[in-house]
Protein chains: 2
Amino acid sequence: MPGGIQLTRQREAVLMVLKEAEKHLTAQEVYDRVRQRLPGTAYGTVYNALAYLQSVGLVQAFNIGNGPALYDRRIDRHDHLRCLQCGEVIDYSLSGLDQVVERVARETGYQINRARLLFEGLCPKCQKSKEVRP
Amino acid sequence: MPGGIQLTRQREAVLMVLKEAEKHLTAQEVYDRVRQRLPGTAYGTVYNALAYLQSVGLVQAFNIGNGPALYDRRIDRHDHLRCLQCGEVIDYSLSGLDQVVERVARETGYQINRARLLFEGLCPKCQKSKEVRP
DNA sequence: CTTGATTTTGTATCAAGTCTAAATTCATAA
DNA sequence: TTATGAATTTAGACTTGATACAAAATCAAG
C-alpha cells in the first residue's frame, strides 16, 4: 500500500496524546503522557514518532524563541501568539496572507513555501494584572 | 550616568564582530571571531555580552527552527527569509504590518508588542539548481 | 513458518545554553 | 593615590533538548 501511513502502537499513542492535549506540548510532555498509556516507551521513540507524524502531515511542530519545540495537533496552516508575561501560547489563523507572501516573493525572488508568524505581547489576563500593580 | 551603556572591551569586541559580519552569526561563531581579537575571552562572556547588548538594544537575536540563536547587527524591526535548500537566511523588511498587528490585537484581545515573521522556501539560486536536476 | 524490512529500546553522545565561585576590572570618592 | 564596593570576566561544571547507534523486537509478505 504505497503512500499509506504506518501507525504503530507507539505512534498512535503519541497521536492520541496530542489529540487530547489542552495545549501545545513539548516532546518531554508528550513522553510523560505516552508513558501513562504505554509504560515501556523509550524517549527516542517519541522523537521518532513525532518526526514521522510530521513527515506524513498528521502533526505540526514549531519553535518559540530558544525553547523546546512545541507539537500541535492542528494540521492546517496557522500562526501563534505568545504572552511575554505568563508564557501562554495560543493558535491564531491569520487570513489574507497570500497577498503578503506573493509580495515578498516578488520583491525577493524567493519561492515561498511557508510563512511562520509569531506575535508576542500580553494576553488579556496579564494586561489586567498589570493594571493592578503600580 | 544613569541609562548609560557600559561597553567593556569584550562587549565592544562582540559588537565589532557583529558589525563586520557578512551574515547572521551564531554565538559560537561570534565567540570564534571575538577570540581573534581578544584571545582570552571566555565562552560565557560572549553569551553575557550578547544578552547585555540585546537588553540595551544594540543587537537583535532571533531563532530559526530548533537551530542555535542567530545574532544580527540590525536593530530596526525586520523579518527573515530562509532557504530550505541551502540554509541561507536573509533580512527583509515587510512594510504595512501595523494594520495586520492591529487586526490580530482586536480579534484576540492581546496587546501586541512584537511580530516575528519567517518566510521559508527556495532562494533564487536554489530554484535554478532545482531546474537542472531531474 | 521464514525472511527481510521496519521499528523500538536502551544507552551513549552531542550541542546550545546556563550557572557558579573565584579572580579581575572598573568607577567613585576619600 | 589608594581604598572600597559594584560590576564583569573567567574557567569549568552542569542542564537541557535533541540525536545517534547497535541490538532486540515487531511486523508484513511470501
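Numbered from 1 within each chain, the chains take letters A, B, ... in sequence-line order.
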Interatomic distance, A/Leu7 CG vs D/dT26 P [rounded to whole Å]: 18 Å
Spell out protein contact along nucleotides 5-23 of chain D as letters: B when the base is contacted, S when just the sugar-phosphate is, - when no protein heavy atom is under 4.0 Å; keep the 5' to 3' order. ---SBBS-----SBB----
Step through it carefully: locate the ring centre of A/His80, locate the ring centre of A/Phe62, and say whether they are under 6.0 Å apart. yes
Could you tell me the separation between the CG atom of A/Leu53 and the P atom of C/dT7, rounded to a whole number of Å? 11 Å
Please report the closest heavy-atom contact between A/Thr108 and B/Leu81, naming both atoms and the distance. OG1-CD2, 3.5 Å
Please name the pair of heavy atoms, one in A/Leu15 and one in A/Leu7, separated by the smallest distance, quoted to 0.1 Å. CD2-CD1, 4.2 Å
Test: A/Glu29 and A/Lys23 ion pair at under 4.0 Å: yes
Can you confirm whether A/Glu120 sits close enough to A/Leu118 that some side-chain heavy atom of one is under 4.5 Å from a side-chain heavy atom of the other? yes
Give a yes or no on whether the backbone of B/Gln6 and the side-chain of B/Arg11 come within a donor-acceptor separation of less than 3.5 Å. yes
To the nearest angstrom, the OH-C1' distance between A/Tyr31 and C/dG10 comes to 10 Å
Less than 4.0 Å between a side-chain N and a carboxylate O, is that true for B/Glu20 and B/Arg37? yes
Polar atom pairs (N or O), protein with nucleotides 21-24 of chain C, under 3.5 Å:
none

Between A/Asp72 and A/Arg74, is there a salt bridge with N-O shorter than 4.0 Å? no
